[in-house]
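To start, the structure itself, in structure tokens.
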There are 2 protein chains.
Amino acid sequence: MKLTNKGRYAVMAMADLASNSNERPISLSEISIRQNISLAYLEQIFIKLKINNLVKSSRGANGGYTLFKPATEIKISNIINAVDEEVKTLNCKKHSKRGCNNKAVKCITHNLWDQLDQHINGFFEKVKLQDLTKQNQK
Amino acid sequence: MKLTNKGRYAVMAMADLASNSNERPISLSEISIRQNISLAYLEQIFIKLKINNLVKSSRGANGGYTLFKPATEIKISNIINAVDEEVKTLNCKKHSKRGCNNKAVKCITHNLWDQLDQHINGFFEKVKLQDLTKQNQK
DNA sequence: TTAATCCCTACTAAAAAGGTAGGATTTCTC
DNA sequence: GAGAAATCCTACCTTTTTAGTAGGGATTAA
Ligand code: FES
Ligand code: FES
């Protein structure tokens, strides 16, 4: 399973966007400063967020990014998946009959990882971006 | 967060041990063949399992490993932790006041990762090695 | 026209993962 | 006592992934 800075940064940046936007686009340099993430790295992350229809961009001076849809409709899982950080706990291909280690049968721990997978993804499905905005932080 | 082959192998090997032992010690070469894991790599894993009192060893011919305590009393979290695969989703030090990125305050996503952490670790705490033995596989 | 901004591609340094290699030590069995 | 089977121990290595950096190009508001 993977969960690294890229995924964390993506969620941080989206939360920043959701917290600070009031219609106007937010530039990456703003986010870079507020969240202390390198601008060039942010750019790479936002390309993926854009491709996945989580944000839209406006170019040129005073440009920046805005959420593509309301923060109530964006799941954390959408963000994580967008930046290629799928939560993958299984070692084998999920929809194959074969197990890991090239065996013909699923291994003894397969069910465990499968359940964990559902457990984690269920969590990411439940939480919305809205839940992370300043307004909702206690 | 980390969850890689090492942790998976450790759980697999422990499940193998729990499934196949009838008092006599099980050698790593047996496990290596059954689970298709390199012997030398298994050795490294078992050193850690031993240090953490999850297995005990008997050296010499006919030696091998046995569970240190009943499979009903070994949690998956014990195994994962033993091989240094702690589930760590937070970027910052948990018990510090400082946030990630060296900020003085916890970041906007901190609570999310903290909850995820508890979610996953709760799962690993609930499941016992016994649940993975052949007898319990449907 | 200029500055701010997104867009795009390529490269790279450092760390982690996933082992391999080689030998030393212990203990059972013949 | 010799050999074989096993654990123990340390060092090294290769590949992949992570986490960026660098350098420019295209677009647009003022
Ligand atoms: S993880 Fe699916 S078969 Fe081992
Ligand atoms: S993850 Fe704890 S402060 Fe950001």
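No hydrogens, no waters, no symmetry mates; every other heavy atom, side chains included, goes into these values. Note on naming: letters A, B, ... go to the chains in the order of the sequence lines (proteins, then strands), and numbering restarts at 1 for each one.
Following rounding to the nearest Å, B:Phe46 (CZ) and D:dC9 (C1') show an atom-to-atom distance of 17 Å. Look at CG on B:Leu42: it is 17 Å from P on D:dC9, rounded to the nearest Å. If you measure from atom CG of B:Leu49 to atom P of D:dT7, you get 13 Å, rounded to the nearest angstrom. Following rounding to the nearest Å, B:Arg24 (CZ) and C:dT27 (P) show an atom-to-atom distance of 20 Å. As a whole-Å value, the separation of B:Lys56 NZ from D:dC8 C1' is 19 Å. Atom C1' of nucleotide D:dG20 and atom CG of A:Leu28 are separated by 16 Å, given to the nearest angstrom. Atom pair B:Ile37:CD1 and C:dG19:P shows a separation of 9 Å (rounding to whole Å applied). As rounded to whole Å, 12 Å separates atom C1' of C:dA17 from atom CD1 of B:Ile45.
Not a single side-chain hydrogen bond (donor to acceptor under 3.5 Å, both in side chains) links B:Lys126 to another residue, sequence neighbours left out. Every residue was checked against the salt bridge (charged side-chain N to carboxylate O under 4.0 Å, His left out) condition with B:Lys93, not counting sequence neighbours, and none meets it. Partners of B:Lys48 under the salt bridge (charged side-chain N to carboxylate O under 4.0 Å, His left out) rule, at least two apart in sequence or in another chain, are B:Asp84.
Comparing atom distances between the B:Tyr41 side chain and each of D:dA6, C:dG19, D:dG20 picks out C:dG19 as nearest. Taking the side chain of B:Asn5 as heavy atoms from C-beta on, and the options C:dT20, C:dG19, D:dT7, the nearest nucleotide is C:dG19. The side chain of B:Ser57 lies closest to D:dC8 when the candidates are D:dT21, D:dC8, C:dG19.
Place A:Gly64 and A:Gln44 on DNA chain C by their nearest nucleotides, and A:Gly64 ends up nearer the 5' end.
B:Thr4 has a side-chain polar atom (N or O) that falls below the 4.0 Å cut-off from OP1 or OP2 of C:dG18. Between A:Tyr9 and D:dA19, a side-chain N or O to OP1/OP2 separation shorter than 4.0 Å is absent.
Legend: side-chain hydrogen bond (donor to acceptor under 3.5 Å, both in side chains) pairs involving residues 70-82 of chain B, not counting sequence neighbours, sorted by first then second residue: B:Lys75-B:Glu125, B:Ser77-B:Glu125. Evaluation of the ring-ring contact (aromatic ring centres under 6.0 Å, His included) test over residues 39-79 of chain A, restricted to residues two or more places apart or in two chains, returns A:Tyr9-A:Tyr41, A:Phe46-A:Tyr65.
A donor-acceptor pair under 3.5 Å is formed between the side chain of A:Ser19 and the backbone N or O of A:Ala15. In this structure a side-chain-to-backbone donor-acceptor pair under 3.5 Å is missing from A:Asn20 to A:Leu17.
Backbone-only engagement by A:Tyr65 is indicated by non-hydrogen atom pairs under 4.0 Å involving sugar-phosphate atoms exclusively. If you check every strand for non-hydrogen atoms under 4.0 Å, A:Lys50 touches sugar and phosphate atoms only.
No N or O donor and acceptor, one from the side chain of A:Glu30 and one from the base of C:dT5, sit under 3.5 Å apart.
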| task | Mark up nucleotides 23-30 of chain D, 5' to 3', with B wherever a protein heavy atom is under 4.0 angstrom from a base atom, S wherever such an atom reaches only the sugar-phosphate, and - elsewhere. | result | --BBBBSS
